[in-house]
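Below is one structure; the comments refer to it alone.
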Amino acid sequence: MRLTNTLSGRVDPLDISRGEVGIYVCGVTPYDVAHVGHAMSLTIYDVLVRYLRWPGNPHGGLRVTFVSNYTDVDDKLIQRGHELERDPLELASANIDAWEREQQALGLLAPDVRPRVTCEIPGIIATIEAIVAAGAAYATPAGDVYFRVRAKPDYGKLSHRNIEDLRSGTRGEPGEGKEFPLDFALWKAAKPGEPAWPSPWGPGRPGWHIECTTMAQRYLGTTFDIHGGGVDLIFPHHENEIAQAEAAADGQTFARLWMHNGMVQRDGEKMSKSVGNVVTVEAALDRWTPDAIRLFVLNSQYRSPNNLTDEAMAAATRGVERLATALAQAPAGAPTGVNPEPYRARFVQAMEDDLATPQALAALFDLARAINRARDAGERVAEAQIALRELAGVLGLSLAESRAEELARLDAGAISRLASQLDVACSGKDAAQTVDALLERRQTARAERDYALADRIREALTGLGVIVEDTAEGPRWSVRRD
RNA sequence: GGCCACGUAGCCAAGUGGUAAGGCAGGGGUCUGCAAAACCCUUAUGCGCGGGUUCGAUUCCCGCCGUGGCCUCCA
């Protein structure tokens, strides 16, 4: 598999010679609820992990250790806690709980490890001590510890800048005991009332970047395979992670490959609080299905910005239905049928080539069309349907929800009332049986050519979210997803 | 202001130095009592604008315009 590597600036092969892959993805700083940008980012790495683990990939499935953190103590969190008059650590914890419920609803795999900064303080202090010992950091009288950027001549190699360019862009930051404007905090001395932990430099908390260095190396080793996150993290966050890790480990490589996903835009504009167009995960789940959100994300290349519009989401919603429809019951047919192998090969080829999910999806849509066509012709499609479900599963698309989940959306009371209006026997205990009874009544009406009644029943059911389709085998119904 | 991406049909979005995947929407048709779903056909002679290189550019180069990212917190 080849992936675009920000560090090298090329599309590099992923080294799978060890048979296992370690992946670290920067998670959120939980000072607020999660938005669709967070969902997009995790969805991309979720698909990468699913694909690498998939037995159908050319390597037969790899062992993957997936780590994604929570930065549950930092300046922003403290500020927000102050505004809301809440304890910042408690605020972080509450936002993490909500976000984890949303991740589950979005069908995101739980990372193998979800470390939190507040549980990793001793390790972070040890990393800082190693950096200080290596001469790449210094403590100030105030109790802060700064990374000495000029001790790292290749600083800037990830974001492809050099120290001089960066310095010229710096707007006169106050000294605070820094030797050099670009030096950044590894440890921040606590002001009164701020969360603090004891350290060799006095009470304080970790700086922003050090936690990821420490947690990634603790769970994945000094050197690991893939480090991911949004493009907005390249500088300074990831640049600084590299600087810290290499300083602490005598120049040993930190992550071999750096992946960065593009940002979500809303109607062509940046999504931000100041514009007032932030779509929270909660709002998105309220409006669109998890599969539709996922299809929207995967329909564009992960590195490109992705424009969230109502029309695009409607298209994604219909697209999911199209794929799901291809999985619908087919009559057992003749021995001829659809061979899914060419589609599977296209899918794999696309995924191997820098996680080209748009092209992988195109293969799935083509397979769906082939299935529908063959089914219309009365051919066997079972193998192809199994393949479609499997490949969709690699992308994390569930497609077919369970019958129980579908039936749970039925408005049993309204259906019961409809049955009594039409004088149809209602078992009173099972809405699905009542729907069946209503459709039997409609079939009778159709047989008697009483189409007015037949249409009335169908329209009434449609109004209740029950979609009726007449097929050669009789009527089929499903519950609309809103 | 500096650095870096991107700009493809009504919408979302792939892609390539030799003539534009896929999805949605639209139009026509098949099927159906009518629908729905599905299937078939169709929808950019054109890939922001202007130059240049080339036998040939949407794909390479230059300029301009627009959007976005980073330079300060951000998936």
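Below, read A as the first sequence line, B as the second, and so on, with proteins coming before strands; counting in each chain starts at 1.
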- Message: Using the C1' atom as the point on both nucleotides, what is the distance between A14(B) and U59(B), in whole Å?
- Response: 14 Å

- Rounding to a whole Å, what distance do you find between Arg161(A):CZ and A5(B):P? 12 Å

- Message: With hydrogens left out and only the distance checked, is there a donor-acceptor pair under 3.5 Å joining Arg446(A)'s side chain and the base of G33(B)?
- Response: yes

- Find which nucleotide of RNA chain B each of Gln301(A) and Arg476(A) is nearest to by heavy atoms, and output the residue with the more 5' nucleotide. Gln301(A)

- Query: With a 4.0 Å cut-off on heavy atoms, is Met263(A) in touch with a base, just the backbone sugar-phosphate, or nothing at all?
  - Reply: base

- Query: Using atom C1' of each nucleotide, how far apart are G1(B) and U53(B) to the nearest Å?
  - Reply: 33 Å

- When the distance from CD of Glu459(A) to P of G33(B) is rounded to whole Å, what number comes out? 17 Å

- How many Å lie between CG on Leu182(A) and P on C71(B), as a whole number? 12 Å

- Query: Using purine N1 to pyrimidine N3 plus N6-O4 or O6-N4 for Watson-Crick, or N1-O2 and O6-N3 for G-U wobble, each under 3.5 Å, what pairs with G56(B)?
  - Reply: none

- Query: Given C39(B), A75(B), C34(B), which nucleotide is nearest the side-chain atoms of Asn372(A)?
  - Reply: C39(B)

- Item | Closest approach of Asp267(A) to Asn307(A) (non-hydrogen atoms, all atoms of both residues) | N-OD1, 3.1 Å

- Taking the six-membered ring of Phe235(A) (Phe, Tyr or Trp), confirm whether the NZ or CZ of Arg161(A) is under 6.0 Å from its centre and within 45° of its axis. yes

- Note on the structure: Here the distance between atom P of A21(B) and atom OH of Tyr343(A), to the nearest Å, is 16 Å

- Query: How close or far is atom C1' of C73(B) from atom CD1 of Ile78(A), stated in whole angstroms?
  - Reply: 13 Å

- Message: Tell me whether the side-chain N/O atoms of Arg458(A) come closer than 4.0 Å to OP1 or OP2 in A35(B).
- Response: no

- Take the protein atom NZ of Lys76(A) and the nucleotide atom P of U72(B), then report the distance between them rounded to whole Å. 14 Å

- Message: Determine whether the aromatic ring centres of residues Phe224(A) and Phe254(A) are separated by less than 6.0 angstrom.
- Response: yes

- Glu239(A) CD to C4(B) C1': how many Å, rounded? 14 Å

- Item | Pairing partner (Watson-Crick or G-U wobble, both distances under 3.5 angstrom) of A44(B) | none

- Note on the structure: Mate of A20(B) across any strand shown (Watson-Crick or G-U wobble, both atom pairs under 3.5 Å) is none

- Message: Apply side-chain contact (heavy atoms from CB on, under 4.5 Å) to residues Arg266(A) and Val279(A) and explain how you reach the verdict.
- Response: CA-CA 8 Å; Arg266(A) 174 64 172 166; Val279(A) 181; 4.0 Å; yes

- Who is the Watson-Crick or G-U wobble partner of G63(B), with both distances under 3.5 Å? C49(B)

- Using atom P of each nucleotide, how far apart are A21(B) and U58(B) to the nearest Å? 16 Å

- Query: Can you find an N or O donor on one side and an acceptor on the other, under 3.5 Å apart, linking the side chain of Asn299(A) with the base of C12(B)?
  - Reply: yes

- Item | Watson-Crick/G-U partner (both atom distances under 3.5 Å) of U32(B) | none

- Kindly indicate whether the side chain of Asp470(A) and the base of C34(B) share any N or O donor-acceptor pair separated by less than 3.5 Å? yes

- Query: Considering only side-chain heavy atoms of Phe365(A), which listed nucleotide, A75(B), C71(B), G23(B), is closest?
  - Reply: G23(B)

- Using the P atom in both, what is the distance from C3(B) to U72(B), to the nearest Å? 16 Å

- Note on the structure: Per atom distances to the Pro358(A) side chain, the nearest of A21(B), A75(B), G33(B) is A21(B)

- Query: From G33(B), A21(B), G68(B), pick the nucleotide closest to the side chain of Gln265(A)?
  - Reply: G68(B)

- Item | Side chain of Asp366(A) - closest among G22(B), C70(B), A75(B) | G22(B)

- Where the side chain of Thr309(A) is defined as all heavy atoms beyond and including C-beta, which of A75(B), A14(B), C11(B) is the nearest nucleotide? C11(B)

- Query: If we call it a pair only when both distances are under 3.5 Å in a Watson-Crick or G-U wobble match, what pairs with G68(B)?
  - Reply: C4(B)

- Between A37(B), G33(B), G69(B), spot the one nearest the side chain of Glu469(A), thanks. A37(B)

- Message: Over all strands shown, is Asp310(A) touching base, sugar-phosphate only, or nothing at heavy-atom distances under 4.0 angstrom?
- Response: nothing

- Nearest of A37(B), C12(B), C71(B) to any side-chain atom of Phe296(A)? C12(B)

- Task: May I ask you to say what Ala315(A) touches in the nucleic acid, namely base, sugar-phosphate or nothing, with a heavy-atom cut-off under 4.0 Å?
- Result: base

- Message: Given A75(B), A21(B), G23(B), identify the nucleotide with an atom nearest to the side chain of Arg369(A).
- Response: G23(B)

- Message: Distance check needed: A14(B) C1' versus Arg346(A) CZ, whole Å only.
- Response: 12 Å

- Query: Are Tyr451(A) and G33(B) stacked, counting the six-membered base ring, centres under 5.5 Å, planes under 30°?
  - Reply: yes

- Task: Pick base, sugar-phosphate or nothing for Gly27(A), based on heavy-atom distances below 4.0 Å to the nucleic acid.
- Result: sugar-phosphate

- Message: Give me the distance, rounded to whole Å, that separates G15(B) from U8(B) when you measure between the P atoms they each carry.
- Response: 14 Å

- For Arg50(A) and Leu109(A), what are the C-alpha separation, side-chain angles and deciding distance, and is it a side-chain contact (heavy atoms from CB on, under 4.5 Å)? CA-CA 8 Å; Arg50(A) 286 174 190 268; Leu109(A) 295 169; 3.5 Å; yes

- Indicate whether the side chain of Asn162(A) and that of Tyr155(A) have a donor and an acceptor atom separated by less than 3.5 Å. no

- Does Asp376(A) or Arg318(A) map to a spot on RNA chain B nearer the 5' end, using the closest nucleotide for each? Arg318(A)

- Are Asp470(A) and Arg446(A) close enough for a salt bridge, meaning some N to O gap below 4.0 Å? yes

- Message: Is there a side-chain contact between Lys270(A) and the phosphate of G69(B), meaning an N or O under 4.0 Å from OP1 or OP2?
- Response: yes

- Message: Show, in sequence, the C-alpha distance, side-chain angles and deciding distance for Asp74(A) and Lys76(A), and conclude whether the salt bridge (Lys or Arg N to Asp or Glu O under 4.0 Å) test is met.
- Response: CA-CA 6 Å; Asp74(A) 92 330; Lys76(A) 201 130 195 165; over 6 Å; no

- Message: Heavy atoms from C-beta onward define the side chain here; which of C34(B), A75(B), A38(B) lies closest to that of His38(A)?
- Response: A75(B)

